[in-house]
Structure formats: structure tokens, C-alpha cells
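Below is one structure. I have some questions about it.
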There are 2 protein chains.
Amino acid sequence: MLLSKSCIYGLRASILLAKDESNGFITIRDLSDELNISFHFLTKVLQKLTRSEILESFKGPNGGVKLAKPAEQVTFKEIVISIDGRFYKVDCPLGLPACGELAPCPLHDQWEELNNRIQNMIGSVTLAELSDRQKRGKPNLQFSAQTGS
Amino acid sequence: MLLSKSCIYGLRASILLAKDESNGFITIRDLSDELNISFHFLTKVLQKLTRSEILESFKGPNGGVKLAKPAEQVTFKEIVISIDGRFYKVDCPLGLPACGELAPCPLHDQWEELNNRIQNMIGSVTLAELSDRQKRGKPNLQFSAQTGS
DNA sequence: GTATATTAAGACAAAATACTCTTAAATCAT
DNA sequence: ATGATTTAAGAGTATTTTGTCTTAATATAC
Ligand code: SF4
Ligand code: SF4
């Protein structure tokens with residue numbers, strides 16, 4: 001499991017928001033219905049994104065959430081950090097102190113490159129790019145109940 | 001978090017076992033002391049490795065555990081699978097069905113390559129290679145209490 | 001055989017994560 | 001103002017993961 005479920009839900013919801021071009025508010029109920037996940041749970045996840053000012057929310061009728069800035073300016077990584085709270089990093093599981101710098105084991109460089117790759121991957125791709133795939137996609141494409149991992 | 005703690009403990013213990021060249025049994029108590037983790041918890045983890053025939057165990061005085069085969073023949077991956085129970089895989093978090101093959105999003109190839117890299121990484125390195133780093137290392141190198149991730 | 005050392009097994013507890021529900025606050029429509 | 005809609009907040013529950021403890025089984029040494 002690379003990302004928590006909360007994080008995955010937040011990403012999926014964000015992509016739905018990016019897909020909407022009206023820039024109006026969309027209710028969390030609509031999002032949770034389309035994603036097949038709990039409304040209340042998603043609400044909590046999106047609250048984090050709102051507090052991080054990735055989303056903007058509005059209460060009352062015609063309220064909901066929307067992206068606080070253009071989808072081109074929101075990275076995958078921002079969302080992960082906002083929800084999972086920490087900088088995403090894959091540490092070496094062997095955890096030896098004073099390791100690596102002096103006498104790296106056969107995996108040391110690979111762990112490092114793995115991290116760089118992940119950082120680069122999620123840091124450079126934006127919601128705009130991710131949702132574009134959706135917008136162009138077949139209309140019957142839907143989010144599944146399964147979460148991936 | 002890429003690997004569970006159980007898995008990390010199992011890996012660390014296995015490396016200690018590989019470091020020992022006498023090929024005699026080592027008590028789990030010794031391992032847990034050196035790794036600074038709970039004896040009982042490590043026992044349960046190592047039982048999985050024993051059932052998978054990666055380790056061999058022996059009860060009673062002079063008993064303990066040892067590698068069931070040469071360290072050169074035990075891969076990182078075998079241990080992960082034995083303990084975490086599943087094939088290690090980093091799925092795309094967006095989880096769209098009928099995705100990818102037809103119209104991959106900007107990350108699709110990268111997720112795939114990430115997986116290949118991880119599979120290759122943990123599938124090709126053996127305990128012998130990992131412990132070699134330890135054997136040659138400074139004698140005061142010790143496992144830390146922290147787990148990495 | 002009796003005591004001792006050691007893993008095996010499983011019940012139990014604690015913590016982290018995932019999820020649900022209730023109530024409050026804000027906003028809008030009438 | 002009143003009532004409906006919708007997010008915010010937080011209490012509460014469930015599940016999974018992590019960790020502890022107790023007892024049983026197996027082997028050795030005397
Ligand atoms: S050398 Fe690097 S990868 Fe290898 S055990 Fe040390 S920190 Fe981990
Ligand atoms: S195309 Fe993108 S969203 Fe679809 S499975 Fe591949 S990485 Fe995931």
C-alpha cells in the first residue's frame with residue numbers, strides 16, 4: 001500500500017473536480033456517489049484539502065467544493081501531502097544507522113532512485129493532466145468501488 | 001510505508017541470520033535483543049518464515065532458528081511474500097477500470113515502470129548480498145530501534 | 001524422571017486506520 | 001423569520017495492524 005485510502009479518495013475526488021470546467025461548486029454528495037464511497041468519510045478527507053487551500057468550499061444551497069486554483073497548478077504531490085500529512089518517502093527497510101554513505105549495500109542506490117522517481121512522478125503531474133485522460137475518455141468510464149492500492 | 005513492520009522485522013532478523021556463518025541455531029531472544037524489538041512479536045514473524053521453509057527452527061536448549069538454505073538462495077522478495085502474504089505491488093491509486101490499455105494517463109507508464117523496478121530490485125537481491133555489507137561493516141554498527149518505512 | 005531452555009500457538013490488549021453518525025454552522029429561497 | 005441544503009466538526013464504531021502475555025510442546029542436561 002503506497003498511499004492511504006483517504007489519500008486515494010482525495011485524489012479521485014480532485015480529479016472529478018478538475019474534470020468539471022464550469023468552476024462552480026459540486027456537492028460532496030455528488031462526488032461520493034460517483035466514487036462509490038461514504039459521503040461522511042469523503043467529507044472529512046476533503047476538509048483537509050480545504051484547510052490546505054487546495055479546495056474551496058461553500059456551505060448552504062448551491063454550495064459544495066471546487067478547486068481553489070486552476071487544475072494546471074495542483075500537483076498530485078500537494079494532495080498527498082495535504083491528506084497523508086507527510087512527505088511521501090520510501091525508506092530503506094533495513095534501517096541501519098551510519099549506513100549508506102560509507103558502505104552502501106547493493107540496494108542503497110536503488111532505494112534512492114526509487115524515491116527520486118516517485119517524487120518526480122507525483123510532483124510533476126497536475127490534476128489537469130490527470131483529468132484530461134478522463135475528459136477524453138469514453139463516457140461510460142466510471143470509478144470503481146475497488147481502491148487499487 | 002512500503003512494507004509492513006512485520007516484514008521489516010523479518011528482513012532484519014534474516015540478515016542477522018545470514019551474517020552468522022556457523023550455521024548453528026540462533027535464539028529468537030538473541031535476535032530480538034539485537035534488533036531492539038519484542039521477542040514475542042518477532043517470534044510470530046519468524047514462525048511465518050519457518051512455515052514457508054525459509055527458516056528452520058529447533059526447540060529446546062541449543063535450539064533457535066537458522067536459514068533453511070544458503071543465504072545466496074534467499075531473496076528479499078521471498079521474505080516479503082512470506083510475511084506480508086501478498087505479492088508486492090504498487091497499484092495506480094486512481095483505480096479506473098478499462099483504463100490504461102486504451103488511453104493511458106500521464107502516469108500509467110511510470111506506475112508500471114515503478115513496479116518493475118521494485119520487483120526487480122527485491123527479486124534479485126539475496127540475503128547473502130545484504131549481509132555482506134554488514135559483515136564488512138564497522139563492528140559497532142547496530143540496528144536501530146526506529147523502523148524506517 | 002525432573003528441571004531448564006527454547007520455539008509454537010493462541011488469547012488478549014493497544015494503536016492506527018477506516019468508516020459512520022449526529023449535531024452545529026452557514027447559506028439560500030421563500 | 002422559517003425551513004431547506006450543504007459543509008464543518010467531532011463523537012463514536014469497526015477493522016486492521018501491532019504488540020504483549022500465557023500456556024503448550026519439544027528438546028536437552030543432569
Ligand atoms: S546501505 Fe542503504 S539500502 Fe543498504 S541497508 Fe544501508 S541504508 Fe539501507
Ligand atoms: S491510465 Fe492512469 S488512471 Fe488509468 S490505470 Fe493507468 S495510471 Fe491509473
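Order of the sequence lines sets the chain letters (A, B, ...), proteins ahead of strands, with each chain counted from 1. These values consider heavy atoms only, across backbone and side chains, with no hydrogens, waters or symmetry-generated copies.
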Quiz prompt | Nearest-Å distance for atom pair NZ/P, residues Lys59(A) and dT6(D) | solution =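 Distance check: Lys59(A) NZ to dT6(D) P gives 14 Å.
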
Self-check item: Lys66(A) NZ to dT6(D) P, straight-line distance once rounded to whole Å
Solution: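 My rounded result for the distance is 16 Å.
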
Quiz item: Rounded to the nearest Å, what distance is computed from the CG atom of residue Asp33(B) to the C1' atom of nucleotide dT6(C)?
Solution: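 Answer to the nearest Å: 14 Å.
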
Quiz item: Hey, does Phe58(B) reach any base, or is it just sugar-phosphate, or nothing, if we go heavy atoms under 4.0 Å?
Solution: sugar-phosphate

Quiz prompt | dA9(C) phosphate, OP1 or OP2, under 4.0 Å from Arg51(B) side-chain N/O | solution =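 The answer is yes; a side-chain N or O of Arg51(B) sits under 4.0 Å from OP1 or OP2.
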
Practice problem: State which of dA5(C), dT18(D), dA18(C) makes the closest approach to the side chain of Ser6(A). | Solution: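 The listed nucleotide nearest to Ser6(A)'s side chain is dA18(C).
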
Exercise. May I ask you to decide if the ring planes of Phe41(B) and Tyr9(B) are parallel, tilted or perpendicular, using 30° and 60° as cut-offs?
Key: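 Taking Tyr9(B) first and then Phe41(B), their aromatic rings stand perpendicular (interplane angle over 60°).
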
Quiz item: His40(A) side chain: which of dT7(C), dT18(D), dT22(C) is closest?
Solution: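 Nearest to the side chain of His40(A) among the choices is dT22(C).
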
Quiz item: In whole angstroms, how far is the C1' atom of dA9(C) from the CG atom of Leu46(B)?
Solution: 15 Å

Quiz item: Does Tyr9(B) place a side-chain N or O at less than 4.0 Å from the phosphate oxygens OP1/OP2 of dG19(D)?
Solution: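 Answer yes for this pair, as a side-chain N or O of Tyr9(B) is under 4.0 Å from OP1 or OP2.
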
Quiz prompt | Pairwise 5' ranking along DNA chain C for Arg29(B) and Ser38(A), keeping only the more 5' one | solution =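 First, find each residue's nearest nucleotide; the 5'-ward one identifies Arg29(B).
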
Quiz item: Are the charged groups of Lys69(A) and Glu53(A) less than 4.0 angstrom apart, N to O?
Solution: no

Quiz item: Taking for each residue the nucleotide of DNA chain D with the nearest heavy atom, is it Asp84(B) or Pro61(B) whose nucleotide lies nearer the 5' end?
Solution: Asp84(B)

Quiz prompt | Protein-nucleotide distance (Asn62(A), atom CG; dA29(C), atom P), rounded to Å | solution = 6 Å

Quiz item: Distance check: side-chain N/O of Ser57(A) vs OP1/OP2 of dA8(D), anything under 4.0 Å?
Solution: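 For dA8(D), OP1 or OP2 has a side-chain N or O of Ser57(A) closer than 4.0 Å.
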
Self-check item: Atom pair distance, as rounded to whole Å: CD in Glu56(B) and P in dT26(D)
Solution: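 Result: 17 Å.
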
Exercise. Mark yes or no for a side-chain to base donor-acceptor pair under 3.5 Å between Lys44(B) and dG19(D), with no hydrogen or angle criteria applied.
Key: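 Per atom types, the contact qualifies.
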
